[in-house]
Amino acid sequence: MFEPSKKCIFANGTQIFEAMERKLFPELIKWKDREGRKPLLLLGVRQVGKTWLMKEFGRRCFDNVAYINCDAEPLAASLFTDYDIDRILFSIQAITGVKPVAGKTLIILDELQQVERGLHSLKYFCENAPQYHVVAAGSLLGITLGQKESFPVGKVDMLHVHPMDFEEFLQANAPQLLEVLQKGDWKMVDVFATKFEDQLRQYYFVGGMPEVVADFVARHDQSSVRQLQQNILNAYRNDISKHTTPTESMRIGQVLDSLPSQLAKENKKFIYGVIRKGARAKEFELAIQWLVDAGIVCRVHRVKEIKMPVKFYEDLAAFKLFLCDCGLLGCMAGASPKQMLMDNNVFTESKGAFTEEYVMQQLVAAGLTPYYWSNDSTPAEIDFVVQNDEAVYPIEVKAEDNVRAKSMATYISSHPHDHLHGLRFSMKGYEQQSWMTNVPLYAISRVLKSL
């Protein structure tokens, strides 16, 4: 169970609920206590809650915190003129007013990629001062890593921060329902099915960006939610303009703008022609990679066979692109609050685009790498394929009343020696069959835990 949400004061002075109890927190505690610990990098798209997570970790688990925002602090540029750790520690004390004490102080270097030699300095913390707890983050660290600019290979630990999953949303918005779900009593879950469906609609609308969730829990103001989501999308576009050439920026923006149309198709495979007529892969592949590295989109590759290891059967030429968060997708698509919150068709709207986006988001939040399978010669397709250490699982997503997983059933029956067991995520109740398990869409995280 998570700890209950607590009240806090946001920068604008209004009191709202934290609403950001995160499943990643125990991983931070494990890192803190691990022998052979290295400086920690938190990776994740802008506004996903990295700064809150670092500060809250420091507040709960250390005597004090030395926090520096390397983008906002003018003196940060002089921190890493060399790699003398004693001098760097003294400078951190001068800037923050906190003397770093090994084992008692958490040193937080936010937006570290903004200062020259900042990332590379982590190598020397690792080698010359491993007794200190150092955690760093940045909005575009994925881009920096992709460019391999002075990255301390093998000298840092890394954790990925994703938007809040549906269970984290329930903890903030309806903790009693989360308790019902966590007990694993499927008959009891069925009793509360309509309440879970209502919360799922809300999650489709709000998504999992922590500031948006916190605002929704406090106010339940639909226009405020959409404004915050639009602010985040604007921040992404500002990053694109700031860190790319005008030509690159235009192409990245075109890819981003095409996502709602791409996901509204029956076959959600990414088609360059949807961007504009005559578009070719060579024009836009770098734009797509920038969005992937920034964490703004998730690329799901096709596999030709559902066998272990899945990556052996990956088809790099065919893929789907999803936005990082279902709430942001709704905002980008201009979906009205009434459509998202009141209409029963929201789960199947636009060929199930929101539902497939939601499932992808839960898979990624669970630490799984999603793929999909399609047949070369027929329209048959399986929405997702995931793998753990022991097996590979085909997944079909069915939000409508007709839940026959025809493609998955055909594939599993025609590959008896692969001993596959399928997962079907739908609005039906939990049901286990010899070849497949049906899981309610709102209970995905419960099943993914076992994977």
Side-chain angles (χ1 to χ4, degrees), residues 1-25 44-60 67 110 137 139 161-182 192 194-236 323-332 334-343 346 354 358 361-362 365 442 445:
M1 290 290 292
F2 306 133
E3 291 183 11
S5 299
K6 302 170 282 295
K7 286 186 177 179
C8 68
I9 304 297
F10 263 34
N12 63 7
T14 56
Q15 188 179 63
I16 65 175
F17 288 94
E18 274 180 3
M20 287 194 294
E21 193 62 44
R22 304 305 304 271
K23 291 181 177 180
L24 198 61
F25 207 88
V45 70
R46 179 184 290 277
Q47 298 292 326
V48 81
K50 300 183 295 296
T51 299
W52 178 89
L53 196 56
M54 293 187 295
K55 287 183 174 181
E56 186 68 4
F57 176 46
R59 185 186 71 80
R60 294 189 199 180
Y67 174 83
D110 208 353
S139 299
V161 185
H162 301 290
M164 297 169 71
D165 70 9
F166 182 58
E167 285 193 339
E168 289 172 314
F169 176 81
L170 282 181
Q171 172 59 36
N173 198 47
Q176 300 88 348
L177 284 179
L178 178 62
E179 290 183 19
V180 171
L181 201 57
Q182 289 180 326
F192 291 93
T194 55
K195 292 186 178 296
F196 280 116
E197 289 175 17
D198 184 53
Q199 290 297 315
L200 190 58
R201 284 191 193 88
Q202 294 180 34
Y203 183 79
Y204 277 28
F205 174 68
V206 176
M209 303 307 280
E211 183 184 6
V212 183
V213 173
D215 186 84
F216 178 75
V217 170
R219 313 169 196 266
H220 280 77
D221 185 331
Q222 298 165 11
S223 60
S224 178
V225 165
R226 277 293 186 248
Q227 184 58 60
L228 288 171
Q229 290 167 338
Q230 190 59 58
N231 292 347
I232 293 172
L233 291 171
N234 291 342
Y236 293 167
L323 203 59
C324 62
D325 177 70
C326 58
L328 295 182
L329 177 64
C331 180
M332 182 182 287
S336 70
K338 179 181 177 181
Q339 176 190 8
M340 301 293 289
L341 295 169
M342 304 297 293
D343 192 345
V346 65
F354 292 119
Y358 160 78
Q361 191 170 334
Q362 308 314 298
Y442 44 79
S445 295

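Just so you know, residue 1 is the first one in the sequence shown, and it goes up from there.
- Qualifying ring pair (Phe, Tyr, Trp, His ring centres under 6.0 Å) partners for Tyr204, counting only residues two or more places apart in sequence or in other chains: Phe347, Tyr358.
- Put simply, the side chain of Leu233 reaches to within 4.5 Å of the side chain of Cys331, judged on heavy atoms.
- At a threshold of 4.5 Å between non-hydrogen side-chain atoms, the residues Val217 and Val213 count as touching.
- The line from CD of Gln171 to CG of Leu177 is 11.5 Å long, rounded to the nearest 0.5 Å.
- Between Glu211 and Trp52, every side-chain heavy-atom pair lies at or beyond the 4.5 Å cut-off.
- Of all non-hydrogen atoms in His162 and Ala365, the two that sit nearest each other are CD2-CA, 4.0 Å.
- Note: His220 and Phe216 have tilted aromatic rings, judged against thresholds of 30 and 60 degrees for the angle between ring planes.
- Note that CG of Leu341 is 9.0 Å distant from CZ of Arg201, once rounded to the nearest 0.5 Å.
- Considering CG of Leu228 and CG of Leu328, their distance stands at 10.5 Å, rounded to 0.5 Å.
- Judged by distance alone, the side chain of Gln47 and the main-chain N or O of Met209 form no donor-acceptor pair under 3.5 Å.
- No donor-acceptor distance shorter than 3.5 angstrom exists from the side chain of Arg226 to the backbone of Val206, with no hydrogens or angles considered.
- Side chain of Glu56 to main chain of Thr51: no donor-acceptor pair is present (N/O by atom type, distance under 3.5 Å, no hydrogens or angles).
- Here CD of Gln222 is found 9.5 Å from CD of Gln202. Values are rounded to the nearest 0.5 Å.
- Considering all non-hydrogen atoms of both residues, Gln229 and Phe205 come closest at NE2-O, 3.0 Å.
- Counting only heavy atoms from C-beta outward, the side chains of Val161 and Val45 never approach each other to under 4.5 Å.
- At least one side-chain heavy atom of Arg46 sits less than 4.5 Å from a side-chain heavy atom of Tyr236.
- When all heavy atoms are compared, the tightest approach of Leu323 to Leu329 is CD2-N, 3.4 Å.
- The two atoms that bring Ala335 and Phe354 nearest to each other are CB-CZ, 4.0 Å, heavy atoms only.
- Between Cys324 atom SG and Ile232 atom CD1 the span is 8.5 Å, to the nearest 0.5 Å.
- Taking the side chain to side chain contact (heavy atoms under 4.5 Å, CB included) definition, one finds that Gln361 meets it with Pro163, Tyr203, Asp325, Cys326, Glu357, sequence neighbours left out.
- Under the ring pair (Phe, Tyr, Trp, His ring centres under 6.0 Å) criterion, Tyr67 pairs with no residue, sequence neighbours left out.
- Counting heavy atoms from C-beta outward, Leu181 and Leu170 have side chains that approach closer than 4.5 Å.
- For the pair Pro210/Glu168, no side-chain contact is recorded, criterion being any heavy-atom separation below 4.5 Å from C-beta on.
- Between Lys23 and Glu167 a salt bridge is recorded (basic side-chain N to carboxylate O distance below 4.0 Å).
- Note that the CZ atom of Phe169 and the CG atom of Asp165 stand 11.5 Å from one another [nearest 0.5 Å].
- The pair Glu21-Arg60 counts as a salt bridge, with a side-chain nitrogen and a carboxylate oxygen less than 4.0 angstrom apart.
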